[in-house]
Amino acid sequence: MEKILNRILDEHVRYKGNLISLLQRIQETYGYVPEESVFWFSERLDIPASRFFGVITFYPKFRTKPVGKNTLTVCCGAACHIKGGDKILETVREVLSLPEGEDTTADMMFTIQQATCIGACSIAPVAIMNNQVHGGIDPVKVTKMIKGYEREEFIGYL
């Protein structure tokens, strides 16, 4: 880890990056921002770790825990909510046996996210699996989609 962090630090200093660009680079490298990397950079750049964590917690795209192999985002914005987005999210949590407060399965196969709006209201309710948008989703379809990804057989649209 030390070698990788030194490379990121050199790049950061050379290009005179800011805190956000540094955190983005760390997340690109690891898939999330490991806590130990925050303290490592905090010490070397003489920036309080609290500033790093302030940025990380302010911007929802930053993660402090590893993500699963597959990412499923369920929209719960107004149009999706009216058409059952919350029920879809509840179904996903049940199918994946995710305890309250957890967003990634223990086997690291899935990470779920809740979006306030993804801008696809005309095809609501919407779920995004690994950057592929699925409209008109319902609890049965989302269950089939998850089961297909578990077997690594899912191809194409529902």
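We find the CG-CD1 distance between L9 and I4 to be 13.5 Å, quoted to the nearest 0.5 Å. Distance check, rounded to the nearest 0.5 Å: NE2 of H81 to CD1 of I88 gives 11.5 Å. Note that the CG atom of L96 and the OG1 atom of T111 stand 9.5 Å from one another [nearest 0.5 Å]. Distance check, rounded to the nearest 0.5 Å: CD of E36 to CD of E2 gives 11.5 Å. With rounding to the nearest 0.5 angstrom, the CG atom of D86 is 10.5 Å from the OG1 atom of T91. With rounding to the nearest 0.5 Å, the separation of CG in N130 from OG1 in T71 is 6.0 Å.
Residues F52 and L19 meet the side-chain proximity criterion, which asks for heavy atoms closer than 4.5 Å. Between D103 and Q113, the closest side-chain pair of non-hydrogen atoms is not below 4.5 Å. Counting only heavy atoms from C-beta outward, the side chains of R44 and V13 never approach each other to under 4.5 Å. K147 is listed as a side-chain neighbour of V95, based on a closest heavy-atom distance under 4.5 Å. A 4.5 Å side-chain heavy-atom check between I8 and F41 finds at least one atom pair inside the cut-off. Residues P34 and M1 meet the side-chain proximity criterion, which asks for heavy atoms closer than 4.5 Å. Annotation: side chain of T105 is in contact with side chain of L98 (closest heavy-atom distance under 4.5 Å). R7 places none of its side-chain heavy atoms less than 4.5 Å from the side chain of D10.
Counting heavy atoms of neighbouring residues, nucleotides and ligands inside a 6.0 Å radius, atom CG of D107 exceeds 12 of them. More than 12 heavy atoms of other shown residues, nucleotides or ligands fall within 6.0 angstrom of atom CZ in F39. At most 12 non-hydrogen atoms from other residues, nucleotides or ligands lie less than 6.0 angstrom from CD of E35.
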Run K3 and N6 through side-chain contact (heavy atoms from CB on, under 4.5 Å) and show every step you take.
CA-CA 5 Å; K3 186 178 179 180; N6 272 314; 5.9 Å; no
Evaluate side-chain contact (heavy atoms from CB on, under 4.5 Å) for Y32 paired with I56, printing each intermediate quantity in order.
CA-CA 10 Å; Y32 70 108; I56 291 167; over 6 Å; no
Determine, stepwise, if the pair V38 / V33 fulfils side-chain contact (heavy atoms from CB on, under 4.5 Å).
CA-CA 7 Å; V38 169; V33 180; 3.7 Å; yes
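The closest donor-acceptor contact from the side chain of Q27 to the backbone of R63 lies under 3.5 Å.
Across P139 and K87, no two heavy atoms sit closer than the pair CG-CG, 4.0 Å. Across all their heavy atoms, P99 and S97 have their closest contact at CD-O, 3.4 Å. Counting all heavy atoms, side chain and backbone alike, C80 lies closest to C75 at CB-O, 3.3 Å. The two residues A115 and T73 come nearest to each other via the heavy atoms CB-CG2, 3.7 Å. Residue I26 comes nearest to S37 through the heavy atom pair CG2-OG, 3.6 Å, listed as atom of the first residue, atom of the second, then distance. Scanning all heavy atoms of the two residues, the minimum distance from P66 to M108 falls at CB-CE, 3.4 Å.
The hydrophobic clustering, which links ILVMFWY residues whose side-chain heavy atoms are closer than 4.5 Å, places F53 and Y30 together. Hydrophobic clustering (ILVMFWY, side-chain heavy atoms < 4.5 Å, transitive): I128 and V67 are in distinct clusters. At a threshold of 4.5 Å between side-chain heavy atoms, the hydrophobic network of Ile, Leu, Val, Met, Phe, Trp and Tyr places F58 and F62 in one connected group. In the hydrophobic clustering of ILVMFWY residues, with side-chain heavy atoms under 4.5 Å counting as a link, I82 and L89 come out apart.
Side-chain contact of T29 with R25: a donor-acceptor pair under 3.5 Å is present, judged by distance alone.
Salt bridge R93/E90: absent, no basic N to carboxylate O contact under 4.0 Å.
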